[in-house]
Each structure stands twice: as C-alpha cells, then as structure tokens.
Student: 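Right, I'll just put the structure down here and ask away after.
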Amino acid sequence: MNKEIAKSYEPQEVERKWYTLWEERGYFRADEESTNPSFSIAMPPPNVTGSLHMGHALNMTLQDILTRWERMKGSNVLWLPGTDHAGIATQNVVERQLAEQGKKRTDLGREEFERVVWEWKEKAESNILSQIRKLGCSCDWSRQRFTLDEGLSRAVREVFVQLYDDGLIYRGEYLVNWCPRCRTAISDLEVEFSPTQGKLWHIRYPIKGSDESLVVATTRPETMLGDTAVAVHPEDKRYLHLHGKTVILPLMDREISVITDSFVEMEFGTGAVKVTPGHDPNDFEMGRRHSLPIVKVIGEEGQMTEEAGEFSGLDRYQARKQVVAALEHQDLLAKVEPHPHNVGGCQRCGTVVEPLVSTQWFVKVKPLAEAAIEAVEKKETVFVPQNYEKIFFEWMSNIHDWCISRQLWWGHRIPAWHCESCGELTVSREDVELCDHCQGRDLVQESDVLDTWFSSALWPFSTLGWPDETKELSTYYPTTALVTGFDIIFFWVARMMMMGLRFRGEVPFRRVYINGLVRDEKGHKMSKSRGNIIDPLELIDQYGSDAVRFTVAVSAVPGTDIPFSISRMAGYRAFCNKIWNAGRFLLLNIETHSPISEKDVESLRQESELALQHRWILGRLQQVIAGTDRNLEKFLLHEASHDLYHFFWHELCDWYIELIKADLGGSSAKAEGSVLIATFVLETSLRLLHPFIPFLTEEMWQRLPHEGESIMFAPYPRSRVDWIDEEAISQMEQFQELVTSIRTARAESNIAPSKKLPAQLIPRGEAEAFLRSQQHQLQNLCRLDPIEFSPAQKDKGLRVSGVSRLAEFSLALDEAVDLEAKRERIGRQLQKLTQDLERLETKLGNSAFVQKAPAHVVEATRLRRHEAGEQLKNLQETLNELSQP
RNA sequence: GGGCGAUUAGCUCAGCUGGUUAGAGCGCCGUCCUCACACGGCGGAGGUCACUGGUUCGAAUCCAGUAUCGCCCACCA
C-alpha cells in the first residue's frame with residue numbers, strides 16, 4: 001500500500017489517468033447481449049456550433065450520475081453519445097466566418113460550402129467530445145452518432161417516405177415565418193417574440209363614389225401596398241352602410257372591397273382592418289375565407305417587390321417611412337399613436353421575421369400528437385417534475401402543422417425529386433433516376449433541407465440502428481430516461497414522442513427528467529452580452545471535475561433554475577479534499593491489506609457488542625444508504641448528494657473518526673476493530689459517492705483495500721435494516737449534545753482548547769452507566785481530566801457548569817471567568833427553555849391534541865417536556881449559585 | 001389574454017406524502033497551525049418561513065385571496 005500520499009487532493013493528474021484507463025479498458029461499453037435489466041439513455045446531442053456551456057455540464061453530469069449508479073447496481077447500461085448538425089445554427093456560424101473573409105455561401109456554391117461546414121463540424125465536435133470526457137461522462141463512445149451520419153440519414157429518409165405515403169407530409173403554398181437574413185422558412189417555434197415600442201398608424205381609405213373614407217389602423221403601414229380588402233365586424237353599427245362597398249387603396253389606386261368578418265375586434269383601433277393576406281397570418285386566414293387574392297409586396301430578402309409599385313426595391317423599413325411620408329403628403333394619415341406590441345424575431349439571428357407566402361413541406365402532426373397525449377395520460381412516459389405534463393398537454397392539443405422545409409444547404413436534403421418533364425414529384429428512400437409518373441430521366445432533387453429537429457426527433461431509435469430491427473433496438477428501446485431542459489420540450493421531447501410512437505409503437509423514454517437553467521450567482525441568465533458566461537472547462541481546470549459535478553448535482557432541484565455559485569463550488573472542492581484526507585488518515589493507520597466485506601463486519605457484530613460509535617455509524621450508514629436509494633429513484637439528486645455530503649463530513653469525519661482516534665495507535669483488538677469498521681464505512685461511502693464524484697472515489701478506492709478492478713463496477717451499497725440501531729443513534733445524539741454543551745461552556749469561558757480541566761459529572765436519571773462507558777471519549781473530545789462522577793453534590797470554588805439531557809457538568813478552573821458573560825449565556829438558555837416549555841405545556845394541555853394526535857407524537861412531546869423541565873430546574877440552580885457570593 | 005412557478009438567515013437556496021428545537025453552502029464573529037485535512041477544527045451570532053384569512057389537535061408545508069417577481073404559451077391589426 002502506498003503511504004506516500006499528498007496532503008491535499010490534486011485532481012488534474014488523477015482525472016486524466018482514470019478517464020483514459022476507463023475508456024481503454026472498455027468500461028463504458030454496453031453489451032446488447034447481456035440479459036441483465038437494461039438501462040439506457042440517449043444523450044441529448046449537443047449542437048456542433050461551438051463548445052459546451054454550463055447547461056451542458058449540468059445536463060451531462062445528471063445523466064452520468066444516473067448511468068454510473070445503474071451500472072453499479074448491475075444493470076445493462078447504455079448511455080449513447082452523439083452530436084447534432086443543428087442545421088440553421090451551424091450554417092449561420094460558418095456563414096459568419098465566411099463573412100469575415102468577405103465571402104458569401106453563394107460564392108462557394110453548395111458543394112464547396114457543405115465541405116467547409118463538415119470541416120467545421122469535425123473541429124467543433126472533437127472539442128465538444130473532449131469536454132464531455134473531461135466531465136467524466138461514462139458514455140459508450142463506440143456507439144457515438146451524429147444526426148447527419150449515414151445511418152441516421154437512412155432513418156430520416158425512411159420516416160419521410162412513410163409519412164409521405166401516409167399523407168402526413170404534404171407540400172404546398174402557405175404563409176410561413178420567413179427570416180429575411182437566414183433566407184429560409186422557420187417553424188412557429190423558432191419565432192421568438194419580444195416587446196417593442198411601435199406605432200399605430202391610422203390611414204384613411206377613400207370610399208369609392210363617396211366623399212367619405214374608412215380609417216384603418218395598422219402597425220405595419222408598408223404592408224398596405226399588398227392589401228386586398230378591408231374588413232369590419234358584421235355587427236359593427238358604425239360600418240353597416242359600408243358592407244359590400246369598395247374603397248380605393250391609397251398610393252396603389254387599387255379598388256378593394258369592404259368585407260365583414262367576425263374575427264375583427266370592434267374595440268380595437270378603428271374597428272376596421274386592412275387585410276394583407278400575403279404578409280399577415282390572420283389576414284392570410286381571412287383571405288382564404290373570403291377568397292381574396294394575395295399580393296406579395298415584400299420579398300425574400302425583406303425588400304419591396306415589383307408589386308410595391310414606386311416603392312419597389314426598398315428595404316421594408318425604408319418603405320415604411322416612405323409610405324408614411326407619402327400618405328401624410330396626401331393627407332391620408334388620420335392619426336399616429338404609440339403602440340407597444342410584440343414583434344417576432346428569428347430564434348437564430350434575431351432578425352424580425354416576415355410572414356411570407358411560399359411553397360414549403362409540412363407534417364400534419366395532429367394525429368401523431370393525439371397518440372403522444374394518450375401515452376402520457378397512460379403514464380407510459382412520466383415527467384419529473386410532473387407539472388411539465390400539463391405544459392406538454394397544453395401545447396400538444398393546440399398543435400399546428402409543422403413546417404419542415406428549410407432553404408438551407410446544411411442538413412438532410414428532402415428525398416423528393418422534381419420531374420422536369422411532367423412536373424410531378426417522386427419521393428423515395430433511394431436516390432432516383434426515373435420519374436415515378438412519366439418514367440422521364442430529367443429529375444432534380446428538391447433543394448430544401450429538413451428542419452434540424454426532424455432528425456433529432458428520431459434520435460432514440462435511429463441511433464440504435466433503425467430501420468433495421470437490431471438487437472440494440474430490442475434491448476434498449478424504449479430508453480429508460482431522457483434528461484433535458486424545459487426549453488426544448490416542444491422542439492424535441494414532443495416530437496420524439498410523436499415519432500417514437502409512430503415508428504416503434506412505443507414511447508421513446510419512460511421518464512423525462514427536466515433540468516433547469518444554469519444561471520449566474522445573482523440568478524441572471526448567462527449570456528454573451530451580459531458577459532457572465534462561465535466556461536465549464538475553466539472551472540474543471542481550476543477546481544477539478546468532481547467539484548464541478550458535485551456542485552451542479554447538489555444544486556439541481558428538478559425543473560428549477562440553479563444559480564451557479566463559485567464560492568459554493570469552492571466549498572465542494574473542499575469536500576473533495578476532505579474525502580481525500582479522511583482516506584489518507586485511514587491509510588496511515590491501516591495494517592491489513594485484505595478487502596473488508598459486509599460479512600467481516602457482521603461477524604464482528606456477532607462476536608460481542610460493539611462500542612457505541614461503531615453501532616451508531618453503521619446504523620447511520622444504513623440509513624443514508626436507504627435514503628440515497630430513495631432519492632436517486634425519485635431523481636432527487638440534490639437531496640441524495642446533500643445527505644451524502646452531510647453524512648461524510650459532519651458525521652463520519654467530525655464525530656466517528658474523532659471518536660476512534662482514542663482507540664488507534666496500539667495493536668489491540670480494539671484498534672483493529674476500529675480500523676476495520678472505519679475502513680468498511682469509508683469504502684462504502686466511496687461507493688455511494690462514486691456516481692457524483694467519480695474520479696476521486698476511484699483513486700481513493702484503489703488505494704484502500706478493495707475487491708474488483710474498478711469502483712465503477714463495485715456494487716452500489718444496499719441497505720441492511722438490521723444494522724440500524726435506533727438506540728445507539730439516539731444515545732449518540734445525547735452524547736453529542738453533552739459534548740457540545742461542555743465545549744460551549746469552555747469556549748465561552750475563554751479556556752484554551754488545549755487546557756485539560758478536571759470535571760465533575762452529575763448524571764441524570766439512569767445515565768451514569770452509559771456515561772462511565774463513554775468516559776474516555778468524553779475526556780478526549782472535551783479535554784477533561786480527570787472526570788469524577790458524583791451523585792448530586794457540586795464542588796464549590798471556581799467552576800463553570802452547565803446541563804444537558806444526560807448530565808450536569810461542572811468544570812474546575814484555575815482562575816475566575818467573566819461571571820457576567822456566564823450569567824448572560826445561562827440567561828439566554830433559560831429564556832429559550834422557558835419558551836420551549838411553555839409551548840410544550842400548552843400543546844399537552846390541549847385535550848384535542850392528546851386525543852387526536854398519533855400516540856408516538858404525544859409521547860415524544862411528553863418526553864421533551866420532561867427533559868426541558870429538568871434542564872430548566874438545573875439551570876435555575878446554577879444561576880442561583882452564580883448569584884451567591 | 002391564458003397557464004405555470006416563486007416569495008424561508010447578510011447572499012444563493014434546500015426543506016420530497018402537514019407533527020424538526022426550521023436546515024445547507026458561502027459570508028460574518030470568536031478561538032485554535034491538537035500527530036488526516038487551515039480546501040481544516042471547535043464554538044457562536046443571525047429567521048414573526050411575503051401578507052390576510054381558512055382547514056386541522058397541529059401549517060413554512062394543504063386551501064382561498066392579496067402583493068411583488070419570474071417563466072411559458074397566444075399574438076387585436
């Protein structure tokens with residue numbers, strides 16, 4: 001055994017060493033042939049746009065904790081890693097880089113551009129993967145996938161063709177959200193609204209054959225050029241006389257009719273709406289209801305089209321100004337008022353989205369959504385926390401068709417071919433040479449690519465080899481858990497549900513764990529503009545991966561945002577150091593080399609009754625094991641890690657190790673027993689902590705006596721309830737209370753910690769035998785020498801005294817202490833006790849309480865009252881003595 | 001407009017099915033370099049659990065309302 005062990009834990013070398021070793025030895029690899037119960041997670045694939053942020057660190061850590069836990073429990077574990085091509089996002093990143101060289105993607109051409117993006121992908125991906133490794137993630141790298149790799153492309157085509165054949169995919173000309181900068185259609189989800197201070201322009205539309213005019217209100221005057229009607233509410237009394245009339249569209253001199261539609265709100269604006277079916281979703285719908293023509297006045301780059309007459313060629317915002325100016329010039333502007341409203345921007349670049357009519361591909365998701373709702377209702381998939389189910393239902397039941405085509409170059413090209421001869425479409429799994437309809441050879445593949453979420457939606461099964469019926473699929477699908485953020489429930493979770501159910505007939509995952517957002521210390525969202533981004537890699541370099549992981553685990557309340565605190569993490573780094581040193585301490589005292597099993601401890605227990613501290617720590621250990629199991633089962637990782645922290649530091653280190661120190665040093669049976677049990681408890685704790693703190697626990701475990709190659713496969717501790725010794729736990733609690741009150745008395749009397757004091761103990765009730773058995777411990781922990789037991793009589797002279805449940809104590813002093821301070825302390829205690837007692841008396845005096853509360857609660861209350869009463873009496877006496885000369 | 005969530009110590013937050021002496025980390029005060037650890041030990045201060053009612057023998061915990069904050073969805077031009 002290596003006794004050369006550093007005084008403090010240095011993570012860097014340890015982490016590098018173990019990760020390499022784990023990976024080389026194939027520890028992360030899943031075995032699809034295994035007959036053990038399977039546990040699988042498909043990693044939410046990070047985008048190959050850049051590098052990982054704290055959100056990823058959180059997400060990955062949570063998955064790894066579950067994965068390592070299950071692996072130790074003996075499950076057949078697969079955590080499948082991968083990355084996402086992230087169509088529009090990645091294309092934008094690369095385009096931005098090209099722009100720095102003064103180039104555009106069109107300068108390169110599609111093929112060359114794609115090559116450049118692939119180059120970028122390789123770079124970004126390898127960076128991301130190394131970050132995931134640094135976090136200690138135990139995913140099966142041999143199965144790593146990419147949403148644009150060959151296998152997934154096959155899955156994408158299969159799904160597309162089947163949905164097309166089912167009539168669930170269709171192509172058509174509709175009004176879609178268009179980003180004039182990205183030059184592509186985007187889905188409703190990709191539009192983010194932000195409040196904007198706009199204006200409401202009131203424009204006069206002259207009525208044909210009359211001097212009267214109709215005033216309409218709009219926030220987008222430039223779209224008036226594309227108006228094809230004006231609408232009023234059918235029951236609006238102000239406008240009854242205008243029904244069926246015609247108005248002259250100003251600036252364009254176009255005659256358009258006044259229509260009635262109950263969509264119009266009479267209260268808003270003037271109660272009359274200009275209808276622009278080409279550039280507004282509501283107007284588009286209204287246009288369909290009334291068969292209105294569509295006039296496109298804004299083009300794909302956000303510039304005014306030919307249809308815009310004299311404004312043609314202008315940017316849409318310039319056009320707005322000029323249209324307003326022109327109207328004003330003609331005295332057609334009735335009023336302008338400020339008007340705050342929400343404006344939709346492109347999720348990826350922020351550019352204000354332009355609703356535009358164009359030909360796109362859509363998925364009819366309604367039937368798929370119904371199946372998904374049903375599955376969640378039947379609890380085939382459970383959300384943690386559960387309230388996200390409501391959000392899921394809400395969105396799913398109001399779902400609209402999904403626009404899946406993107407006018408991009410980076411992505412899965414839609415598997416449809418246009419025939420130049422007959423104009424028909426051929427949709428196929430394989431590249432086609434012949435038109436299905438006319439057998440012509442003049443085929444051109446659709447140039448649009450699919451929304452990046454289309455391929456992500458297939459992730460849980462496409463990564464397992466689908467459409468082939470592989471062994472992996474049957475073993476690992478449905479996956480056990482999905483760990484992801486609430487921000488992509490609609491984008492991703494919902495769509496995986498729909499696709500999984502449609503193509504596998506089963507939900508893609510049994511449980512969805514929703515993790516929150518990682519915010520900064522003050523609770524602000526991390527963002528580049530705010531400059532508060534924390535780079536997980538820097539943290540790992542500085543504090544160690546284990547500390548970073550433990551910090552996120554202990555802060556991760558399901559579904560709740562976590563403010564990431566550096567000072568808190570420093571605390572958990574100290575925890576790592578504490579673990580290191582606890583191990584170090586034992587290693588310095590260990591003589592035996594053979595592993596210590598549960599059986600060894602059990603036979604020790606059988607031989608003779610163990611000392612209190614052993615019975616206590618073994619019992620507490622079992623309680624902690626049971627609690628950890630419960631918490632992990634419920635995905636309460638913050639509770640599990642918090643409890644382990646407390647147990648390890650404040651029970652195992654602060655009390656147990658301190659208590660056994662008295663036994664060590666010799667080669668007595670006592671010393672051996674203590675070392676044995678301490679080693680057992682420490683080794684067990686390391687196994688408990690391993691999913692959270694993988695590197696340090698492995699390093700320490702390897703140094704301690706152990707069985708097996710790696711802690712990764714050591715069995716996760718299972719609770720033995722028969723070791724839970726309630727009596728020992730309760731006695732220990734009282735003992736700690738006594739120790740603490742003696743220490744407090746010492747500290748407040750300003751007695752040097754090293755100073756040994758003669759002490760007198762007056763046991764309460766039946767406590768004497770117990771106190772005598774703990775005499776040496778008491779001497780060590782409180783620096784008392786000698787300890788004298790006396791029945792009731794207190795020694796006179798210079799003393800400091802106090803009480804606890806077990807005993808009164810009185811410590812002899814050399815010199816006088818500050819009497820005033822003592823009185824004050826006792827006074828404070830007295831006050832608190834009196835309050836407690838009053839409260840307990842009132843409670844017990846209430847007959848309803850005594851009758852209705854459970855017996856054990858009443859009993860506990862009685863006991864507390866009794867103890868408080870006794871203590872109070874003693875304190876009073878002590879105070880009286882103090883007052884006497 | 002609809003929905004969801006939050007409000008607990010100086011700061012950031014736990015407190016899971018109602019019964020604790022209301023906890024943690026950091027910070028603060030005092031003290032100690034005691035032979036595992038100063039990334040440490042020991043001790044201490046600090047809270048009318050947002051407010052108002054209700055249910056209950058008993059409420060930080062359940063219910064209703066109020067206030068403040070946050071998020072999501074919708075998008076009345």
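No hydrogens, no waters, no symmetry mates; every other heavy atom, side chains included, goes into these values. By convention in this document, chain letters (A, B, ...) are assigned in the order of the sequence lines, proteins followed by strands, and residues within each chain are numbered from 1.
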Student: For the side chain of A/P854, starting at C-beta, report the closest nucleotide among B/A77, B/G43, B/G19.
Tutor: B/G19
Student: What integer distance in Å separates A/N387:CG from B/A6:C1'?
Tutor: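 It works out to 12 Å between those atoms.
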Student: A/D654 has a side chain; which of B/C75, B/C73, B/G41 sits nearest to it?
Tutor: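 So the side chain of A/D654 is nearest to B/G41.
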Student: Tell me if the side-chain of A/K7 makes a donor-acceptor pair with the base of B/A38, cut-off 3.5 Å, by modelled atom types.
Tutor: no
Student: Kindly give the heavy-atom pair with the smallest separation between A/M224 and A/L249, and that separation in Å.
Tutor: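 Scanning both residues completely, I find the closest heavy atoms to be O-CD2, 3.3 Å.
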Student: Does A/H339 reach a base, just sugar-phosphate, or nothing at all? Heavy atoms under 4.0 Å.
Tutor: sugar-phosphate
Student: For RNA chain B, what residues of residues 550-569 of chain A have any heavy atom nearer than 4.0 Å?
Tutor: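 Those residues are A/V557, A/T560, A/P563, A/S567, A/R568.
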Student: Applying the Watson-Crick and G-U wobble criteria at under 3.5 Å, what pairs with B/A6? Answer none if nothing qualifies.
Tutor: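 Answer to the pairing question: B/U68, which forms a Watson-Crick or G-U pair with B/A6.
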Student: In this structure, which one of A/E870, A/R864, A/H866, A/Q734 forms a side-chain contact (heavy atoms from CB on, under 4.5 Å) with A/R805?
Tutor: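 So, applying the side-chain contact (heavy atoms from CB on, under 4.5 Å) to A/R805 and each of A/E870, A/R864, A/H866, A/Q734, only A/Q734 qualifies.
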Student: From the set B/C75, B/A36, B/G25, return the single nucleotide nearest to any side-chain atom of A/C653.
Tutor: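 The closest nucleotide is B/A36.
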Student: Do A/T740 and A/E737 pair up side chain to side chain, a donor and an acceptor below 3.5 Å, judged on atom types alone?
Tutor: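 No, A/E737 and A/T740 have no side-chain donor paired with an acceptor closer than 3.5 Å.
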Student: Hey, could you give me the OG/CG distance between A/S741 and A/L806, rounded to the nearest 0.5 Å?
Tutor: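 Between atom OG of A/S741 and atom CG of A/L806 there are 9.0 Å.
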Student: Tell me which nucleotide among B/C39, B/C73, B/A14 gets nearest to the side chain of A/H638.
Tutor: B/A14
Student: Does A/E265 reach a base, just sugar-phosphate, or nothing at all? Heavy atoms under 4.0 Å.
Tutor: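 Base: the residue A/E265, judged by heavy atoms under 4.0 Å, touches a nucleobase.
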Student: Round to a whole Å and report the spacing from CZ of A/R864 to P of B/U20.
Tutor: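 One finds 7 Å between P of B/U20 and CZ of A/R864, rounded.
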Student: Would you mind reading off the distance between A/F490 atom CZ and B/C71 atom C1', rounded to a whole angstrom?
Tutor: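 From A/F490 CZ to B/C71 C1': 12 Å.
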Student: Using Watson-Crick or G-U wobble geometry with both distances below 3.5 Å, tell me the partner of B/C62, or none.
Tutor: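 B/C62 is paired, partner B/G54.
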Student: Kindly say whether, by distance alone, the side chain of A/E639 makes a donor-acceptor pair under 3.5 Å with the base of B/A24?
Tutor: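 No such pair is found, so the answer is no.
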Student: Going by purine N1 to pyrimidine N3 plus the second Watson-Crick contact, or the G-U wobble pair, all under 3.5 Å, which nucleotide sits opposite B/G25?
Tutor: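 Here B/G25 is engaged in a pair, and the nucleotide opposite it is B/C11.
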Student: If I take atom CD in residue A/Q734 and atom P in nucleotide B/U21, what distance separates them, rounded to the nearest angstrom?
Tutor: 14 Å
Student: Contact class for A/A574 vs. all strands (heavy atom < 4.0 Å): base, sugar-phosphate, or nothing?
Tutor: base
Student: Applying the ring pair (Phe, Tyr, Trp, His ring centres under 6.0 Å) test to A/F575, which of A/F550, A/W580, A/F647 qualifies?
Tutor: A/F550
Student: May I ask which nucleotide in the shown strands pairs with B/C42, Watson-Crick or G-U wobble, both distances under 3.5 Å?
Tutor: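 With both distances under 3.5 Å, B/C42 matches B/G30.
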Student: What are the two closest non-hydrogen atoms of A/I399 and A/A369, and how far apart are they?
Tutor: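 The pair with the smallest heavy-atom distance is CG2-CB, 3.9 Å.
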Student: Let me know the distance between CD of A/E10 and C1' of B/C37, rounded to the nearest Å.
Tutor: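 After rounding, the gap between these two atoms is 13 Å.
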Student: Contact class for A/E267 vs. all strands (heavy atom < 4.0 Å): base, sugar-phosphate, or nothing?
Tutor: nothing
Student: Output the single nucleotide from B/C16, B/U34, B/C42 whose closest atom is nearest the side chain of A/R743.
Tutor: B/C42
Student: Of the listed nucleotides (B/A77, B/A36, B/G41), which one gets closest to any side-chain atom of A/F585?
Tutor: B/A36
Student: Taking the nucleotide of RNA chain B with the closest heavy atom to each, which residue, A/N846 or A/F263, is nearer the 5' end?
Tutor: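 Upstream on the strand: A/N846.
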Student: Look at all strands and tell whether A/K390 reaches a base, only sugar-phosphate, or nothing, counting heavy atoms closer than 4.0 Å.
Tutor: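 A/K390: backbone/sugar contact only, no base atoms under 4.0 Å.
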Student: Of the listed nucleotides (B/U20, B/A77, B/G19), which one gets closest to any side-chain atom of A/A853?
Tutor: B/G19
Student: Would you mind reading off the distance between A/W649 atom CH2 and B/A38 atom C1', rounded to a whole angstrom?
Tutor: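 Rounded to whole Å, this separation is 11 Å.
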Student: Can you check the distance between B/C62 and B/C49, where both ends of the measurement are the C1' atom (answer in whole Å)?
Tutor: 16 Å
Student: Whether A/K661 and A/E658 form a salt bridge (side-chain N of Lys/Arg under 4.0 Å from carboxylate O of Asp/Glu) is what I want to check.
Tutor: yes
Student: Base, sugar-phosphate, or nothing for A/W201, non-hydrogen atoms under 4.0 angstrom?
Tutor: nothing
Student: Does A/F575 reach a base, just sugar-phosphate, or nothing at all? Heavy atoms under 4.0 Å.
Tutor: nothing
Student: Could you give me the CA-CA distance, side-chain angles and deciding distance for A/Y543 and A/Y572, then say whether ring pair (Phe, Tyr, Trp, His ring centres under 6.0 Å) is met?
Tutor: CA-CA 9 Å; A/Y543 295 87; A/Y572 293 119; over 10 Å; no
Student: Can you work out whether A/K634 or A/N342 has the more 5'-proximal nearest nucleotide on RNA chain B?
Tutor: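 On the 5' side of the pair lies A/K634.
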Student: Which atom pair, heavy atoms only, marks the closest approach of A/G571 to A/W649?
Tutor: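 In terms of heavy atoms, the two residues are closest at O-CZ3, 4.4 Å.
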Student: How many whole angstroms separate atom CG of A/N589 from atom C1' of B/C37?
Tutor: 14 Å
Student: Can you figure out which of B/U31, B/G19, B/G43 approaches the side chain of A/T740 most closely?
Tutor: B/G43
Student: Using only side-chain N and O atoms of A/H650, determine if any of them is under 4.0 Å from OP1 or OP2 of B/G25.
Tutor: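 Answer yes for this pair, as a side-chain N or O of A/H650 is under 4.0 Å from OP1 or OP2.
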Student: Please report the distance separating the P of B/C63 from the corresponding atom of B/C75, rounded so that it comes out in whole Å.
Tutor: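 Looking at atom P only, B/C63 and B/C75 are 32 Å apart.
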Student: Taking the six-membered ring for Trp, are A/H646 and A/H642 parallel (under 30°), tilted (30 to 60°) or perpendicular (over 60°)?
Tutor: parallel
Student: Given B/U21, B/A36, B/G15, which nucleotide is nearest the side-chain atoms of A/R584?
Tutor: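 Output: B/A36.
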Student: The side chain of A/K578 lies closest to which of these nucleotides: B/U34, B/G5, B/C37?
Tutor: B/C37
Student: Classify the nucleic acid contact of A/L636 as base, sugar-phosphate or nothing, counting any heavy atom under 4.0 Å across all strands shown.
Tutor: base
Student: Ignoring backbone atoms, test whether A/W395 places a side-chain nitrogen or oxygen under 4.0 Å from the OP1 or OP2 oxygen of B/G2.
Tutor: no
Student: Mind checking A/S754 for me? I need base, sugar-phosphate or nothing, with any heavy atom below 4.0 Å counting as a touch.
Tutor: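 Touches nothing.
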Student: For A/H290 and A/D261, which I'm curious about, is there any donor-acceptor pair between the side chains at under 3.5 Å?
Tutor: yes
Student: Across all strands, who's sitting opposite B/G1 as a Watson-Crick or G-U wobble pair, both distances under 3.5 Å?
Tutor: B/C73
